[in-house]
Amino acid sequence: MAGVADQALTYRAERAIVRFMETPDNAIAPDETPRTGIAAQDWATASVEPHYRAAVVDLLGALAYGELAAFERLAEDAKLAPTLADKAELAKMASAEFHHFERLRGRLTAIDEEPTAAMEPFAKALDDFHRQTAPSDWLEGLVKAYVGDSIASDFYREVAERLDSDTRGLVLAVLDDTGHGNFAVEKVRAAIEADPRCGGRLALWARRLMGEALSQAQRVVADRDALSTMLVGGVADGFDLAEVGRMFSRITEAHTKRMAALGLAA
């Protein structure tokens, strides 16, 4: 059970995210300060600190399960694809997601952590998110992959900036775009051009995804003591509470830009 200090950090992280979600967008540019502390170290040096190691194992476990779930979802979405070419494109993307999963699983094994045990704490939250945001058609599936996955990727990229060089490199590598972004933009814009009425429906869907994705991030962080401690600065070079708000502002700003790329109102 978490101690009083850990519980306080968890509560502060949760409240910071809630406060941000209740405030208007005030996006700022990401911090470009040269890396220091943990971010300037390699894994062998940084992992000596047990709380930091626990936070990284949590992060890799969450990412690994997210990639596995993405693989499964893209394979399911391929069944909704209107053409054989579209099915093949989604199958290619699913394969890329599974490759990312394998890299994360391999990394957990390499640092003497059991991959299934690392992923298990995050399975329910991610499964609940996907169940609550199951697309009703092909276009909703594309918007979900483009908008929902991108929000999660933005969050992990922000956290990666505070990680040791080895872990940061792996996290950024597995967050590389599989090609789904350009594919989704092309297909959704074409659909709106053909039938402008679907634009309003997809815009509402994307707004719902944004809310659900941020709520999921809040739950995942608040439920894991090591992650919440790192997020609010209790481990190495974590965020302070003000930076948590700025981080989520940047995520919202990026979401607005993606909506514009899709031809949808944010």
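Along the sequence shown, residues are numbered consecutively beginning with 1. Heavy atoms only: backbone and side chains are in, while hydrogens, waters and symmetry mates are out.
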Reported NE2-to-CG distance for the pair H100 and L175, which is rounded to 0.5 angstrom: 8.0 Å

Reported CG-to-CD distance for the pair L126 and E67, which is rounded to 0.5 angstrom: 11.0 Å

Heavy-atom side-chain contact between W205 and S136 under 4.5 Å: no

Between CD1 on residue I251 and OG1 on residue T256, distance to nearest 0.5 Å: 12.0 Å

Atom CD of E120 with >12 non-hydrogen neighbours under 6.0 angstrom: no

Minimum side-chain heavy-atom gap E253-K257 below 4.5 Å: yes

Sidechain N-carboxylate O distance under 4.0 Å for R157, D154: yes

Cluster link I38 to L172, ILVMFWY, side chain under 4.5 Å: no

Distance (rounded to the nearest 0.5 Å) between L74 CG and K79 NZ: 13.0 Å

Atom of H255, atom of A206 and distance for their closest heavy-atom approach: CE1-O, 3.9 Å

Validation row: V147, I151 side chains within 4.5 angstrom (heavy atoms): yes

Residues which pass salt bridge (Lys or Arg N to Asp or Glu O under 4.0 Å) with D112, listed by chain and number, not counting sequence neighbours: none

pair I192-L262: side-chain heavy atoms closer than 4.5 Å: no

Sub-4.5 Å side-chain heavy-atom contact between L209 and Y146: no

K187 with D86: basic N within carboxylate O range, under 4.0 Å: yes

Short side-chain to backbone donor-acceptor contact, R189 and A261, under 3.5 Å: yes

From CG (L90) to NZ (K92), nearest 0.5 Å: 11.5 Å

Sub-4.5 Å side-chain heavy-atom contact between R73 and K144: yes

Closest approach of L80 to W138 (non-hydrogen atoms, all atoms of both residues): O-CB, 3.7 Å

R53 side chain vs S47 backbone, donor-acceptor pair below 3.5 Å: no

F183 side, atom CZ; L142 side, atom CG - distance, nearest 0.5 Å: 6.0 Å

Side chains of V171 and L104 in contact at under 4.5 Å (non-hydrogen atoms): no

Contact summary for G61 and M119, nearest pair of heavy atoms: O-CG, 3.4 Å

Backbone of W43 reached by a side-chain donor or acceptor of D166 within 3.5 Å: yes

Within-4.5 Å side-chain heavy-atom neighbours: V174 and Y156: no

Contact summary for P115 and T109, nearest pair of heavy atoms: CG-OG1, 3.4 Å

Minimal non-hydrogen separation, A39 against E161, with atom names: CB-O, 3.7 Å

Nearest heavy-atom neighbours spanning A70 and E97: CB-CD, 3.9 Å

Pair R246 + E158, salt bridge at N-O below 4.0 Å: no

From H99, R107, R105, residue fulfilling side-chain contact (heavy atoms from CB on, under 4.5 Å) relative to R103: H99

All side-chain hydrogen bond (donor to acceptor under 3.5 Å, both in side chains) counterparts of R201, not counting sequence neighbours: D137, E140

Criterion side chain to side chain contact (heavy atoms under 4.5 Å, CB included) on R258 and V185, from CA distance to verdict: CA-CA 9 Å; R258 290 190 188 100; V185 168; over 6 Å; no

Hydrophobic cluster identity match, F129 and L68, side-chain contacts under 4.5 Å: no

Residues in ring-ring contact (aromatic ring centres under 6.0 Å, His included) contact with F98, at least two apart in sequence or another chain: F71, F101

